[in-house]
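Source: prediction; values computed, not measured. Letters A, B, ... are given to chains in the order of the sequence lines, protein chains preceding strands, and every chain is numbered from 1.
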Number of protein chains: 2
Amino acid sequence: MLKKELDEEATKRLKNIAGKWYDQISSATIPYISLPTRTKKNIEYDENSEVWKYGNRETVRSASSAKSALHLLKMAHVVGFLKNQIADNRSSTLREMYYISEGWKRAKFSAQDESNMLVEDLEIITELSREAFHLRPEEDGAAIYGPLRIKEQTRRGEKIIHCQEDVGEAGYPIPNNVNNLELIDHDAKFVIAMETGGMYARLMENGFDEEHNAVLVHLKGQPARSTRRVLKRLNSELGLPVVIFTDGDPWSYRIFASIAYGSIKAAHMSEILATPGAQFIGVQPSDISNYDLPADKLTEGDIAALKAELTDPRFDTEYWRKEINLQLKLGLKSEQQAFASRGLDFVTKDYLPDRLSEMGVI
Amino acid sequence: MLKKELDEEATKRLKNIAGKWYDQISSATIPYISLPTRTKKNIEYDENSEVWKYGNRETVRSASSAKSALHLLKMAHVVGFLKNQIADNRSSTLREMYYISEGWKRAKFSAQDESNMLVEDLEIITELSREAFHLRPEEDGAAIYGPLRIKEQTRRGEKIIHCQEDVGEAGYPIPNNVNNLELIDHDAKFVIAMETGGMYARLMENGFDEEHNAVLVHLKGQPARSTRRVLKRLNSELGLPVVIFTDGDPWSYRIFASIAYGSIKAAHMSEILATPGAQFIGVQPSDISNYDLPADKLTEGDIAALKAELTDPRFDTEYWRKEINLQLKLGLKSEQQAFASRGLDFVTKDYLPDRLSEMGVI
């Protein structure tokens with residue numbers, strides 16, 4: 001959707017919320033909102049979209065109680081603020097909006113959590129992401145390096161940038177609102193997203209992007225929303241396979257799961273944030289034994305996290321059960337940079353090509 | 001220094017270390033190295049360079065004990081590895097080097113700390129930064145947005161990039177080795193470095209860089225080495241004043257101090273990492289009362305940190321004593337985004353211009 005259309009759509013949906021309240025009052029109904037219940041129990045796997053979404057349980061907030069009336073008052077303030085912000089072509093962070101509520105008297109937020117939650121409610125009601133309301137995340141997007149040309153609509157005009165030719169070694173940094181981003185053309189075969197900056201720089205230095213026509217993405221740990229949205233779009237708009245390369249420990253497997261299946265916290269956004277086709281390339285527990293990688297002992301926390309993953313529906317596949325059980329048996333974890341023990345080229349000349357052809361990507 | 005010259009110089013200084021051992025052995029002396037003692041007691045203020053450096057105390061490590069002999073053996077391996085890495089025009093992270101030591105038998109590092117410390121020793125001995133040996137930091141540099149044109153020598157050739165015209169809204173990301181960066185030309189009056197991404201985006205959205213010919217730098221919390229080096233170079237090479245804009249709490253004042261005066265951990269690098277002329281713009285404790293900013297109560301940890309700063313030589317000025325004592329009296333701290341309580345334009349239309357003219361920058 002173009003920015004102008006998205007702005008109009010977002011404004012329409014915000015006004016709809018107020019419109020419903022107006023109609024409720026007109027027909028002598030106490031105004032209310034209803035929302036899916038946001039608990040772990042109300043998360044279901046959606047076969048069609050292959051992601052985890054909220055189920056059918058609903059919570060109703062009616063102005064018949066003082067507490068809920070105050071909640072609706074705050075929502076009304078936020079809806080008004082966002083509508084004006086879109087009209088003025090301004091943007092703000094969640095933190096700024098929290099401070100702006102200082103001027104809303106009784107509707108002032110008492111904590112950042114409260115305003116964050118309210119914005120998530122609006123996302124669910126409108127079925128739009130907060131970025132559509134010009135709410136900027138604080139967190140930075142990741143970096144991209146590879147044979148891809150993008151067009152970014154910035155406040156200083158359109159910029160067309162080739163993510164190899166027009167950027168420095170740190171790559172093209174993903175802006176926090178990827179609605180302003182167009183993927184123009186590319187010469188890529190697949191996308192490889194990496195957990196650490198060390199590995200991102202290693203692939204770049206070794207020319208892996210050129211040799212394999214790969215788009216390198218640096219996740220910077222648990223990826224920001226904008227990064228997950230770009231991965232999703234590279235996959236769905238350009239049809240590029242996406243593989244995820246992380247450390248070999250339970251926390252890193254969760255990075256993969258949040259990319260591939262979405263998270264409970266943002267289950268309402270799964271369809272735009274998750275990339276169900278994303279594949280895990282490694283570090284696999286079996287790599288630790290097969291390649292005799294330098295490894296550290298699993299901590300008690302690691303073991304508990306691995307066991308929790310064995311009961312997590314997102315890891316309920318033969319592949320993950322086998323790998324996680326193997327890791328528990330080995331009692332070891334390894335980092336992606338541990339491949340350096342076999343020389344700086346091993347990861348790009350041997351490990352990744354082998355895994356990619358095993359997975360059918362190259 | 002050009003890359004080629006720096007490579008030659010780094011190689012020469014690495015060989016010098018081995019050369020000294022050779023001479024020691026030739027003259028029947030047990031080989032040793034001597035280094036400044038790296039403790040808080042051996043840090044002194046250097047009037048000339050206006051930064052904190054190591055004093056005259058020395059520690060000698062001689063191969064006459066098994067432990068020190070092993071240390072010299074590890075250093076010899078590292079010197080050899082780095083010399084080859086420079087010759088091959090490769091680079092690696094500290095983490096990769098740690099894993100590479102797996103192949104060094106008895107000289108294998110037992111922990112990452114040990115190899116990090118050894119690299120810092122080499123920095124002190126050679127008076128060069130680790131980047132000169134092609135050791136890449138894991139941590140990312142910050143982003144720059146403003147009227148500045150740079151030239152980056154990348155593995156894919158030279159890239160000339162204007163940090164407003166040729167970049168997206170996320171700016172130009174500073175590469176992890178700023179030795180490869182040349183500051184070509186600019187149309188800037190000063191540099192403003194900000195702690196949070198929210199404030200960086202605020203100044204950009206409000207056109208602060210255009211209105212005041214300012215170079216915006218996003219520090220991303222405690223700034224990486226590459227970010228501090230770029231601030232230093234913007235100040236010393238281009239003669240631009242540098243102002244630091246952080247939250248109003250003791251941890252943020254330390255961000256300022258590490259930029260302006262350097263840190264104990266990297267006292268040997270102060271001359272290339274510190275910007276003694278950098279000025280603190282805010283959030284000042286006096287701003288909290290003057291502007292009636294939304295504020296949080298100081299925690300016990302905050303109070304202890306403020307008291308520690310009162311005895312820290314880096315904060316031993318009339319300005320800081322007054323501000324820190326005021327903050328202890330108020331019992332409050334504020335974030336930079338708290339200015340949003342006065343509207344999204346207040347910070348760029350009122351606060352910053354007032355402070356900048358007070359400070360004599362504009």
Sorted by chain and number, sequence neighbours left out, salt bridge (charged side-chain N to carboxylate O under 4.0 Å, His left out) with B/Lys349 holds for B/Glu211

Among residues 85-96 of chain B, those lying within the under-4.5 Å heavy-atom range of chain A are B/Gln85, B/Arg90, B/Ser91, B/Ser92, B/Thr93, B/Arg95, B/Glu96

Residues of residues 97-116 of chain B with a heavy atom under 4.5 Å from any heavy atom of chain A, in residue-number order, are B/Tyr99, B/Ile100, B/Glu102

Heavy-atom pairs under 4.5 Å with chain A: which of [options] has the most?
| options | answer |
| --- | --- |
| B/Ala143, B/Ser341, B/Gly197 | B/Ser341 |
| B/Arg155, B/Met204, B/Glu205, B/Lys159 | B/Glu205 |
| B/Ala338, B/Ala170, B/Gly198 | B/Ala338 |
| B/Gly207, B/Gly157, B/Pro294 | B/Pro294 |

Ion pair present between A/Asp185 and A/Arg149, side-chain N to carboxylate O less than 4.0 angstrom?
yes

**Message:** Is there a side chain to side chain contact (heavy atoms under 4.5 Å, CB included) between B/Val347 and B/Met199? Walk through the geometry before answering.
**Reply:** CA-CA 9 Å; B/Val347 70; B/Met199 190 50 74; 4.2 Å; yes

Ranking A/Gln153, A/Arg342, A/Gln337, A/Glu152 by heavy-atom pairs under 4.5 Å to chain B gives rank one to A/Gln337

Among A/Gly168, A/Gly171, A/Pro175, the residue with the most heavy-atom pairs under 4.5 Å to chain B is A/Gly168

Counting C-beta onward and ignoring hydrogens, is there a side-chain heavy-atom pair between [X] and [Y] closer than 4.5 Å?
| X | Y | answer |
| --- | --- | --- |
| A/Cys163 | A/Ile150 | yes |
| A/Leu332 | A/Leu298 | no |
| A/Asp209 | A/Val215 | no |

Honestly, the part of B/Glu335 sitting under 4.5 Å from a heavy atom of chain A is both

Bottom line for B/Ile174: the part with an atom under 4.5 Å from chain A's heavy atoms is backbone

**Message:** With no hydrogens and no angle check, just 3.5 Å: does a side-chain donor-acceptor pair link B/His134 and B/Asn177?
**Reply:** no

### Pair B/Glu169, A/Thr154: side-chain N/O donor-acceptor within cut-off below 3.5 Å
no

Within residues 217-224 of chain A, the residues sitting under 4.5 Å from chain B by heavy atom, in sequence order, are A/His218, A/Lys220

Chain B heavy atoms under 4.5 Å from [X]: which part of the residue, side chain, backbone, both or neither?
| X | value |
| --- | --- |
| A/Arg156 | side chain |
| A/Ile161 | side chain |
| A/Phe346 | neither |

task = Using the side chain to side chain contact (heavy atoms under 4.5 Å, CB included) rule, take A/Ile144 and A/Val230 through it: C-alpha gap first, then chi angles, then the decisive distance, then the call.
result = CA-CA 10 Å; A/Ile144 295 184; A/Val230 165; 3.9 Å; yes

Paired with B/Lys333, the salt bridge (Lys or Arg N to Asp or Glu O under 4.0 Å) test is passed by just one of B/Asp302, B/Asp247, B/Asp249, namely B/Asp302

Value for CG (A/Asp296) from CG (A/Leu293), rounded to nearest 0.5 Å, stands at 11.5 Å

Taking every heavy atom of A/Glu195 against every heavy atom of A/Ser252, the minimum-distance pair comes out as OE1-OG, 2.8 Å

For [Y], does its backbone N or O pair with a side-chain atom of [X] as donor and acceptor, under 3.5 Å?
| X | Y | result |
| --- | --- | --- |
| B/His186 | B/Ala188 | yes |
| B/Arg202 | B/Ala340 | no |
| A/Asp287 | A/Val283 | no |

Practice item. Could you check B/Arg225 against B/Ser129 for side chain to side chain contact (heavy atoms under 4.5 Å, CB included), going step by step and ending with a plain yes or no? Key: CA-CA 10 Å; B/Arg225 285 163 64 104; B/Ser129 72; 3.8 Å; yes

Quiz item: Can you list the steps and then say if B/Thr227 with B/Val178 is a side chain to side chain contact (heavy atoms under 4.5 Å, CB included)?
Solution: CA-CA 9 Å; B/Thr227 308; B/Val178 298; over 6 Å; no

*Hey, would you say the A/Tyr291 and A/Tyr351 ring centroids sit under 6.0 Å apart?*
yes

